Amino acid sequence: VDEERNFYFLEMNTRLQVEHPVTEWVTGIDLVEEQLRIAAGEQLRWKQEDIRLEGHAIEVRIYAEDPSSGFLPSTGTIRFLREPSGPGIRCDSGIYSGCAVEPYYDPLLSKLIVWGRDRGEALRRLRRALQEYQIFGVETTIPFFLRLVEHPAFQKGDLSTHFLQEHGEDLMNGTVEADEAFIGALVSVWAQARARQKTTAETDHYTHTSNWKRLGREWMLRGI
């Protein structure tokens, strides 16, 4: 953008971006549905003047990365997973307990998106959602984001592309204390491990199969 606020594009990706849930939250429009309608030959149902923005939305990408090691990818098997939920919380996820995180693909595990009537409420919901989010088996960016939402500069919205360079020491060296949710998750991991020891190998395999695979098998049995 130049001094006269003329915009020039070096690149345009004519597809939905990873951050599209933020737009969906504040506009109330399902962008994926609209794309499918257009692909089916329908007309776009919205004009620019129809769009109304409401509230504040924030998205964080939950990666299988270790922030303390320069965000190097982390691989392994997800032994336990508990995703957050509640008002103003959205979790777009493709993982499940028992799935393998391999080194051959992008380390993105899920996207956590929150909405609030203003930035303050969105930040409070983000903090709670991150505290509830439990992934065991691989390192993730969840602890990093917990420190980020507590940082005064981030809370004030004093942001730039140099944020990590300016505040990296505070964000990388901080610690996140274990709370009741963390302890409860550890107990759940232990209980699940004990329960799996009492099941057959076939049942155990079915337990760790994704919902999509289960549904596909049911469709095949029904001849769909």
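Just so it is clear, the values below take in all heavy atoms, side chains as well, and ignore hydrogens, waters and symmetry mates. Given the structure is predicted, the values throughout are model-derived calculations rather than measurements.
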query: Any ring-ring contact (aromatic ring centres under 6.0 Å, His included) pairs touching residues 42-64, not counting sequence neighbours?
result: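 Counting only pairs at least two positions apart or across chains, no ring-ring contact (aromatic ring centres under 6.0 Å, His included) contact touches residues 42-64.
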
- request: Return the orientation label for the Phe136 and Phe80 ring planes: parallel under 30°, perpendicular over 60°, tilted otherwise.
  value: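 Plane angle between 30° and 60°, so tilted.
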
Can you see which heavy atom on [X] is nearest to which on [Y], and at what distance?
X	Y	value
Gly55	Val26	O-CG1, 3.9 Å
Thr141	Pro67	CA-CG, 4.1 Å
Leu44	Ile38	CD1-CD1, 3.9 Å
Arg128	Ser85	NH1-O, 3.3 Å
Asp92	Pro21	OD2-CG, 3.7 Å

task: Check whether the side chains of Glu102 and Thr75 place a donor and an acceptor atom closer than 3.5 Å, and report yes or no.
output: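 Distance-only check fails for Glu102 and Thr75.
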
- prompt: Above 12 or not: heavy atoms from other molecules or residues under 6.0 Å from CD of Glu49?
  reply: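 Check passes, neighbour count above 12.
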
field: Worked verdict on Arg90 versus Glu59 for salt bridge (charged side-chain N to carboxylate O under 4.0 Å, His left out)
entry: CA-CA 9 Å; Arg90 170 176 170 177; Glu59 175 181 309; over 6 Å; no

Arg52: side chain to side chain contact (heavy atoms under 4.5 Å, CB included) partners, not counting sequence neighbours: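 Arg52: no side chain to side chain contact (heavy atoms under 4.5 Å, CB included) contacts found.
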
Can you give the donor-acceptor pairs under 3.5 Å from side chains of residues 105-112 to other protein atoms, not counting sequence neighbours?
unit_1: Asp106; atom_1: OD1; unit_2: Leu108; atom_2: N; d: 2.8
unit_1: Ser110; atom_1: OG; unit_2: Tyr133; atom_2: OH; d: 2.6
unit_1: Lys111; atom_1: NZ; unit_2: Val18; atom_2: O; d: 3.0

message: Using ring centroids (six-membered ring only for Trp), state whether His151 and Phe163 fall under 6.0 Å.
response: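 Yes: the rings meet the under 6.0 Å criterion.
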
field: CA sep, side-chain torsions, deciding dist, call: Glu65, Thr140, side-chain hydrogen bond (donor to acceptor under 3.5 Å, both in side chains)
entry: CA-CA 5 Å; Glu65 293 180 341; Thr140 74; over 6 Å; no

- prompt: Could you go step by step and tell me if Arg45 and Glu33 meet the salt bridge (charged side-chain N to carboxylate O under 4.0 Å, His left out) rule?
  reply: CA-CA 11 Å; Arg45 298 183 297 172; Glu33 178 186 356; 3.7 Å; yes

- prompt: Does Arg82 make a cation-pi contact with Tyr96 (under 6.0 Å, within 45 degrees of the axis)?
  reply: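 No cation-pi geometry.
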
query: So, Arg125 side chain and Trp115 main chain: donor-acceptor pair closer than 3.5 Å or not?
result: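 Between the backbone of Trp115 and the side chain of Arg125 there is a qualifying donor-acceptor contact (under 3.5 Å).
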
task: Identify whether the distance between the nearest side-chain nitrogen and carboxylate oxygen of Arg127 and Glu132 falls below 4.0 Å.
output: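 Between Glu132 and Arg127 there is no salt bridge, as every charged N stays at least 4.0 Å from the carboxylate O atoms.
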
